[in-house]
Novice: 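Take a look at the following structure, please.
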Amino acid sequence: MTKTRQAPFKTKFHFAFIILVGCCLLEAFGMGLILNCTSLFYVPICNDLGFSRAEISTFMTGYFVGTTIFTPLMGRWLSKHDTRVIMSICIVLLSGSLCACSMYTEIWQWQISGFIMGSAGAGIFVLPAASMIGNWFVKRRGFFHGITFSFTGISAAINAQIIGYIIQAFGWRSAYLFVGIASFVVILPLSIFIFCYKPADMGMLPYGADSEEAAKDSSVTMRGVSLKVAVASAAFWCLFLFGGIASFCHGGIEQHMPGYIQSIGFTASFAATVVSGQALGSVLDKWIMGWLNDKIGVRWTTIVELICICVGIAGFVLLKNPAALIFCAILFGVQDSLMSCSLPLLIRDIFGSKHYTEIHGWIRAGVGLFGTPSGILVGAVYDNTGSFVPAFWFLVAVCIFAIGCVFIAYRTKHKLNWDHEEEQDGLAPA
């Protein structure tokens with residue numbers, strides 16, 4: 001049982017905003033620095049050690065296997081045990097596995113580090129921030145969720161340039177050390193001194209829940225369906241597929257983005273610029289779509305995002321102008337928010353907050369399951385055909401399928417009976 005804590009320091013602001021700042025830094029030095037910049041290492045490693053694109057992509061295969069196994073467990077651990085302890089252990093393992101990459105020479109070593117990164121990353125990248133923002137904010141939840149996860153793109157846009165410079169000046173091994181050490185130095189203190197899973201653990205109410213509201217219902221943000229009821233619903237499996245498709249697109253293109261840009265005749269430096277453009281798209285999307293979630297609801301916001309992604313991927317295939325490619329990268333950057341913003345908000349909107357972290361953990365198993373082969377399959381298409389184009393068109397098709405999954409999930413939502421009346425969470429009615 002989690003003990004009641006006191007705020008680590010007194011502040012005139014609601015402590016929810018301290019949590020918000022901490023989660024922004026967590027995403028900047030977690031997902032933004034580590035996960036979103038992984039692809040920058042592929043080409044220099046392949047050139048140095050002679051690996052194929054499909055072989056180096058097995059690093060992310062290891063990641064997805066780890067996250068598939070441990071995300072459901074992490075969802076339960078984070079909701080039942082001390083968040084500080086779990087996250088501290090995870091960041092030690094995660095940063096250590098990245099530093100170890102600086103010494104590797106064999107592909108199986110990357111596969112092991114990838115597995116460790118996926119296992120420990122389940123307790124760093126998405127679940128903790130999504131859960132804490134949802135628990136600490138009732139008012140304008142979608143907006144603050146978007147602000148938090150926009151820092152993955154801000155960080156990636158900046159760090160893509162830093163990592164690219166380090167690789168060119170000092171080599172990819174030094175770049176791995178930079179990523180491992182920087183993530184550890186920032187995230188460990190946050191885990192120990194700042195983070196708190198829910199306001200009740202500190203004897204507080206979430207932002208937007210006044211005392212009168214709390215008097216009527218002491219669990220103002222804790223309504224919804226159980227994991228058992230959720231798993232038995234069609235909506236659960238639609239979101240499971242949606243998360244898997246989002247992961248497949250992320251792993252299938254983002255891992256190979258620098259390689260694709262170079263394969264059509266551009267330099268490694270321009271490829272890094274395209275990665276930064278993609279990161280910029282992620283930032284803009286999370287700011288705009290976070291606001292839009294509160295206005296029109298997460299369902300329609302997600303549909304808009306999927307359409308932007310389809311246009312971005314098609315543009316990569318059809319357009320070869322540098323400015324057009326950067327614009328398409330910005331559109332494709334929207335995909336980064338499907339897993340980090342849209343999926344958590346869809347889950348909370350359909351299943352409620354009471355068992356949100358556990359349900360989210362199980363649905364994100366689909367993220368790992370579908371993401372596992374994505375990088376390998378796209379890399380294999382290139383290795384066998386000399387082109388990424390067939391794989392890119394396939395990804396457009398699966399994004400269209402994902403739109404259907406969202407519609408079906410909401411068509412079946414009415415069959416779920418929450419244990420309390422509809423939650424007033426700031427999201428527009430679906």
Side-chain angles (χ1 to χ4, degrees), residues 71-72 75 126 130 134 141-142 145-146 221-250 285 288-311 313 334-335 337-371 394-430:
T71 298
V126 174
R141 178 182 290 156
H145 202 110
T221 63
M222 294 295 154
R223 297 186 287 251
V225 302
S226 67
L227 175 62
K228 181 178 179 180
V229 171
V231 170
S233 69
F236 177 92
W237 294 105
C238 284
L239 294 189
F240 185 90
L241 288 173
F242 170 85
I245 290 169
S247 175
F248 196 91
C249 287
H250 178 90
D285 169 66
I288 296 170
M289 300 304 175
W291 169 81
L292 200 58
N293 277 323
D294 293 325
K295 296 297 181 181
I296 66 172
V298 62
R299 169 173 43 174
W300 296 108
T301 302
T302 302
I303 300 305
V304 171
E305 289 174 319
L306 285 165
I307 292 171
C308 289
I309 294 165
C310 289
V311 173
I313 298 174
V334 171
Q335 59 81 30
S337 69
L338 289 181
M339 291 183 289
S340 60
C341 288
S342 297
L343 183 59
L345 290 172
L346 286 167
I347 294 168
R348 200 179 291 271
D349 197 31
I350 291 176
F351 300 111
S353 298
K354 190 170 186 180
H355 298 281
Y356 162 79
T357 305
E358 292 179 78
I359 296 171
H360 188 183
W362 280 99
I363 286 178
R364 283 194 69 85
V367 170
L369 185 65
F370 283 78
F394 175 75
L395 292 171
V396 171
V398 297
C399 284
I400 294 172
F401 181 78
I403 293 175
C405 290
V406 174
F407 277 118
I408 295 172
Y410 275 91
R411 290 279 293 181
T412 59
K413 178 185 175 181
H414 69 279
K415 297 181 180 179
L416 298 168
N417 294 316
W418 287 18
D419 56 2
H420 291 277
E421 68 275 9
E422 187 80 12
E423 183 183 11
Q424 302 300 315
D425 65 354
L427 294 176

Novice: Out of curiosity, I307 CD1 to I403 CD1, how far, rounded to the nearest 0.5 Å?
Specialist: 5.0 Å
Novice: Is the shortest side-chain heavy-atom distance between L338 and L306 below 4.5 Å?
Specialist: yes
Novice: Suppose we screen for ring-ring contact (aromatic ring centres under 6.0 Å, His included). Which residues come up paired with F407, at least two apart in sequence or across chains?
Specialist: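 Listed in chain order: W300.
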Novice: Closest approach of A130 and H360, non-hydrogen atoms and distance?
Specialist: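 Closest approach of A130 to H360, heavy atoms only: CB-CE1, 4.1 Å.
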Novice: Name every donor-acceptor pair, under 3.5 Å, that has one atom in a side chain of residues 230-245 and the other anywhere in the protein, sequence neighbours excluded.
Specialist:
| from | atom 1 | to | atom 2 | distance (Å) |
| --- | --- | --- | --- | --- |
| S233 | OG | A230 | O | 2.6 |
| S233 | OG | F236 | N | 3.2 |
| W237 | NE1 | V231 | O | 2.9 |

Novice: Grab the two heavy atoms, one from D349 and one from K413, that are nearest each other, plus how far apart they are.
Specialist: O-NZ, 3.1 Å
Novice: Would you name the heavy atoms of V406 and R299 that are closest together and state the gap between them?
Specialist: CG1-CG, 4.0 Å
Novice: For I400, enumerate each residue passing the side-chain contact (heavy atoms from CB on, under 4.5 Å) test, keeping only those at least two apart in sequence or located in another chain.
Specialist: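 Result, side-chain contact (heavy atoms from CB on, under 4.5 Å) vs I400: C310, V396.
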Novice: Can you give me the closest heavy-atom contact between S226 and H355, atom names plus distance?
Specialist: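 Closest heavy-atom pair between S226 and H355: CA-CD2, 3.5 Å.
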Novice: Over all heavy atoms of both residues, which pair between G361 and T71 is shortest? Give the atoms and the distance, please.
Specialist: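 Looking at all heavy atoms of both residues, the shortest contact is O-CG2, 3.3 Å.
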Novice: Which residues pass the side chain to side chain donor-acceptor pair (under 3.5 Å) test with T301, sequence neighbours left out?
Specialist: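 In terms of side chain to side chain donor-acceptor pair (under 3.5 Å), with neighbours along the sequence ignored, T301 is linked to N293.
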Novice: Drop me the distance from S342's OG to I347's CD1, to the nearest 0.5 angstrom.
Specialist: 10.5 Å
Novice: So which pairs with a foot in residues 224-241 pass salt bridge (Lys or Arg N to Asp or Glu O under 4.0 Å), sequence neighbours left out?
Specialist: none
